[in-house]
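For reference, the structure is listed below as structure tokens.
Residue numbers count from 1 along this sequence.
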Amino acid sequence: QVQLVESGGGLVQVGGSLRLSCAASGRSFAWYTMAWFRQASGKEREFVASIVWRTSQEYYANSVKGRFTISRDNPKNTVYLQMNSLNSEDTAVYYCAAERWGTGTLDVREYDYWGQGTQVTVSS
């Protein structure tokens, strides 16, 4: 079992930056592929980024590539999402997700554990 708690969301202006954190409890964090998803109001949850458990291979949605960076600190059981050059379309609730021995897939159905989400609002 893994419990995930996100933090770091908030209100930021267009062009600004935020860093989200996701702290995981439980054993063997290093065995989990970690991902970030987001859900804007009235829309489906969508993939943002993932980092694979063994290789640390990173995957990004096209909409965030070059602006967002996912990273992980296994000794701290934490995954991060550095978000730069934010725009209004990045406004959403951001969720951390985990899949044991996962491939880094963008399919939301493959992830077994989810955090409660943190709101990111980008204002102009």
Between [atom1] of [X] and [atom2] of [Y], what distance do you get to the nearest 0.5 Å?
| X | Y | atom1 | atom2 | answer |
| --- | --- | --- | --- | --- |
| R38 | E44 | CZ | CD | 14.0 Å |
| M83 | N87 | CE | CG | 11.0 Å |
| T121 | D90 | OG1 | CG | 11.0 Å |
| T105 | Y111 | OG1 | OH | 5.5 Å |
| R19 | N84 | CZ | CG | 11.5 Å |
| T33 | I51 | OG1 | CD1 | 9.0 Å |

Side-chain heavy atoms nearer than 4.5 Å, only ILVMFWY residues, links allowed to pass through others: does that put Y113 and Y80 together?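 Y113 does not cluster with Y80.
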ILVMFWY cluster, L11 and V120 together (side-chain gap under 4.5 Å):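 They do not share one cluster, since no chain of ILVMFWY contacts under 4.5 Å joins L11 to V120.
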Taking side chain to side chain contact (heavy atoms under 4.5 Å, CB included) as the criterion, tell me which of L4, V5, T118 meets it with C22.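 Exactly one pass, corresponding to L4.
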Determine, using ring centers only, whether F37 and F47 are less than 6.0 Å apart.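 Yes: the rings meet the under 6.0 Å criterion.
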Main chain of [Y], side chain of [X]: is a donor-acceptor contact present, judged purely on distance under 3.5 Å?
| X | Y | value |
| --- | --- | --- |
| S88 | V122 | no |
| R67 | S85 | yes |
| S50 | G104 | yes |
| E6 | C96 | yes |
| R54 | W101 | no |
| S28 | A30 | no |

Could you label the plane-to-plane angle of the F68 and Y94 rings as parallel, tilted or perpendicular, counting under 30° as parallel and over 60° as perpendicular?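 Aromatic pair F68/Y94 classed tilted.
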Determine the interplanar angle of the W114 and Y95 rings, folded into 0 to 90°, and report it as parallel if under 30°, tilted if 30 to 60°, perpendicular if over 60°.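 Ring orientation, 0 to 90° scale: perpendicular.
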Minimum heavy-atom distance between [X] and [Y], given as atom pair plus value:
| X | Y | value |
| --- | --- | --- |
| A49 | L81 | CB-CD1, 4.3 Å |
| V2 | A24 | CG1-CB, 4.1 Å |
| S17 | Q82 | CB-NE2, 4.0 Å |

Whether the D73 and T78 side chains hold a donor-acceptor pair (N or O, under 3.5 Å, no angle test) is what I'd like checked.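 No donor-acceptor contact under 3.5 Å links the two side chains.
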Would you say Y60 and E58 are linked by a side-chain donor-acceptor pair, where the criterion is simply a distance under 3.5 Å?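 A donor-acceptor contact under 3.5 Å links the two side chains.
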Q116 CD: over 12 foreign heavy atoms closer than 6.0 Å: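 Yes, the 6.0 Å shell around CD holds more than 12 heavy atoms from other groups.
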Verdict with supporting geometry, T103 and V52, side chain to side chain contact (heavy atoms under 4.5 Å, CB included): CA-CA 6 Å; T103 62; V52 179; over 6 Å; no
Does the cation-pi check pass for R72 over F29, that is, NZ or CZ under 6.0 Å from the six-membered ring centre and within 45° of its axis?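 Ring-cation test returns yes.
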